[in-house]
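Counting starts at 1 for both ligands and their atoms, following the listed order.
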Amino acid sequence: MSNKNITPFYDPSLSYDENCKTGPFGGFADGEIYKNKGEPTHDFLGQKVYLPFGIPAGPIPNANFCEGGFQKGFDIIMYKTVRTRSHPCNAFPNIVPVKIDGKNLTLEQASAGLIMGEKFEDPIAITNSFGVPSIPPEEWIPDMRKAVKCAGKGQVLVATYLGTPGNGEDAFIQDWVDGAKMIRETGAPIVELDLSCPNEGKSSLLCHDTERVVKIVHAIQPIFKSSNIPVLIKLSYFSSDKKLKDFIEKVAPYVAGFNAINTIAGDVRKADGSQALPGKGRLISGVCGAPIKWAGIDMVQRMAKIRKESQSKFIIIGTGGVTTPSDYKEYIEAGADAVMSATGAMWNTDLAKQIKQEIL
Ligand SMILES: Cc1cc2nc3c(=O)[nH]c(=O)nc-3n(C[C@H](O)[C@H](O)[C@H](O)COP(=O)(O)O)c2cc1C
C-alpha cells in the first residue's frame, strides 16, 4: 500500500469479536493525534464540523474505534449498524481481497461473479460480509453513549441501525420503531437507517422497495422529530433514474438526507470456483473500495440533479471508493455535502489529515 500505515485499523486477519475486544489497530492505535485548527465552519445537519468528511457505518464497531477515528481527524464517524436484539456475526473471514478486471467494477462484472484476490493491495478492493452483527441493546446503548462523547470540538457521531424481519410486516415495522427509541437513549445527534445491506443472504435490498421504506420512515419519523434528530437513509446503487426519482420524491419529506452508496453486491469465488466465504447465503457479498467510486459519484450526481429540479433541501452524502484527497474533491464537485470513506480509511488512517492539508 502507498501509505505508511499498512496495518488497517480493523484487522481482517482477526475475527469480528477479536477486533471488537482488542482493536483498533494500525494508525488508530499509534498515539498520534491530529489537531484541528481554528473554529469549525461547516454545517452538517446542525452540527459544526471542521471538514464534512468521515467514516461510514461498518469498520467502526465500538467506542474505542470511534475514539481512534476522531483522534485521526475524521470529523464525522458512523457507529457500525446495530439491531434491537443480539445477532451473531457471519463466520470468519469477513473481509477478503477481490480481483477486479480494470479500474471500475461494472454491474455486469458484479453479476457475472468475481474472484477473490490473494492479498490486499492498491487500488484497494475488498468484499465484506458480517451479516450486521449486534450485541444486545443493554450493551450497545451505553457504548454508543460513550462514543457520542468521544467526538471532539467540530466532530460528530452518527448512529446507524436496522430493523430485523420477524413475525410479519407489522412486527418488522415495530422493530424499526423500537430501534428508534433505543437510539434516542444514546444521545446520538444524527441517525442513519441502513436500508441497503447486501449481506443478509437476500437477493433484494430494502431500499429498492419504495413502499416499504415509506412505511418505515413514516413510523419512525415522530420519534426522531420529537428529539430533533435528523434522519439519513443509506442507499445502494439505483440503475433506474425513474426509480431513484420516485424513491426520493416519496421518502425525502420524512428525512434529512441520503447517503450513497453501500457496497455493490456480487458472487465471490476462489480461483478454483468454490465459494470464497464460508456458510449459507454467503456466495453473495458486498464489494467496496476504489473500483466502486464511479457508482457513488454517479448516484451523487443524479441525486443532486433531482434535488435541483425539485427544489428540495435534503443533504447528499457521497460514499464509495474514496482513497485520496482528489476523490473527496470529486464527490464535492458532484454535489455531495459530505463525503465518507470506509475501505480507503481502513488502510490509510491519515486520509482525513491528508485531505485537510490540501483543502483547509
Ligand atoms: C468492513 C465493512 C463493514 C461494513 N458494514 C456496514 C454496516 O454495518 N452498515 C452499513 O450501512 N454499511 C456498511 N458497510 C458499507 C460502507 O458503509 C460503505 O457504504 C461501503 O463500504 C462503500 O464505501 P467504501 O468504498 O469507502 O468502502 C461496511 C463496509 C465495510 C468495509
Side-chain angles (χ1 to χ4, degrees), residues 8-16 19-20 23-24 53-62 65 69 74 76-83 87 89-90 92-98 100 104-105 110 120 123-135 140 158-164 191-200 205-207 232-237 258-266 277 285-297 299-300 317-324 327-328 330-331 336 338-348 351-352:
F9 65 76
Y10 179 100
D11 187 345
S13 70
L14 300 177
S15 72
Y16 181 68
N19 266 283
C20 291
F53 178 66
I55 301 178
I60 300 279
N62 63 32
F65 282 74
F74 293 89
I76 305 168
I77 299 260
M78 297 195 177
Y79 191 108
K80 186 164 170 60
T81 309
V82 292
R83 301 177 185 258
H87 192 87
C89 185
N90 286 341
F92 177 84
N94 304 99
I95 299 179
V96 295
V98 179
I100 307 290
N104 294 335
L105 168 64
F120 297 105
I124 187 76
I126 63 171
T127 191
N128 84 76
S129 167
F130 290 83
V132 196
S134 185
I135 51 176
W140 65 250
V158 178
T160 80
Y161 83 107
L162 59 68
T164 305
V191 67
E192 181 176 275
L193 316 189
D194 179 3
L195 304 176
S196 49
C197 181
N199 294 323
E200 294 214 77
L205 297 172
L206 187 51
C207 66
L232 294 165
I233 298 279
K234 180 80 171 282
L235 296 177
S236 283
Y237 187 75
F258 300 93
N259 180 2
I261 61 170
N262 205 312
T263 53
I264 292 184
L277 299 167
S285 55
V287 181
C288 45
I292 71 161
K293 185 180 77 175
W294 71 270
I297 295 277
M299 279 289 280
V300 167
I317 303 176
T319 299
V322 176
T323 63
T324 63
D327 295 333
Y328 170 86
E330 214 180 312
Y331 268 99
V339 181
M340 303 272 129
S341 171
T343 310
M346 266 174 75
W347 270 272
N348 178 6
L351 188 54

### Query
So Phe65 and Tyr10, would you call those rings parallel, tilted or perpendicular, with 30° and 60° as cut-offs?
tilted
### Summary
For Asn19, the side-chain hydrogen bond (donor to acceptor under 3.5 Å, both in side chains) test, sequence neighbours excluded, returns none
### Task
Classify the ring geometry between Tyr16 and Phe130 as parallel (under 30°), tilted (30 to 60°) or perpendicular (over 60°).
perpendicular
For ligand 1, list all ligand N or O to protein N or O distances below 3.5 Å, rounded to 0.1 Å.
residue, atom, partner, partner atom, Å
ligand 1, 5 (N), Lys80, NZ, 3.0
ligand 1, 8 (O), Lys80, NZ, 2.9
ligand 1, 8 (O), Thr81, OG1, 3.2
ligand 1, 9 (N), Thr81, OG1, 2.7
ligand 1, 9 (N), Asp194, OD2, 3.2
ligand 1, 11 (O), Asp194, OD2, 3.2
ligand 1, 11 (O), Lys234, NZ, 3.1
ligand 1, 12 (N), Ala57, O, 3.2
ligand 1, 12 (N), Lys234, NZ, 3.2
ligand 1, 14 (N), Ala57, O, 3.1
ligand 1, 17 (O), Ala57, O, 2.6
ligand 1, 17 (O), Lys234, NZ, 2.8
ligand 1, 19 (O), Lys234, NZ, 3.1
ligand 1, 19 (O), Ile261, O, 2.9
ligand 1, 25 (O), Gly289, N, 2.9
ligand 1, 25 (O), Gly321, N, 2.8
ligand 1, 26 (O), Ala342, N, 2.9
ligand 1, 26 (O), Thr343, N, 3.4
ligand 1, 27 (O), Thr343, N, 3.0
ligand 1, 27 (O), Thr343, OG1, 2.5

### Task
Identify, with sequence neighbours excluded, every residue that meets salt bridge (charged side-chain N to carboxylate O under 4.0 Å, His left out) alongside Asp11.
none
### Query
Residues in salt bridge (charged side-chain N to carboxylate O under 4.0 Å, His left out) with Lys293, at least two apart?
Asp327, Glu330
### Message
I'd like to know if the side chain of Ser129 reaches the main chain of Asn94, judged simply by a donor and an acceptor atom lying under 3.5 Å from each other, with no hydrogens or angles considered.
### Response
no
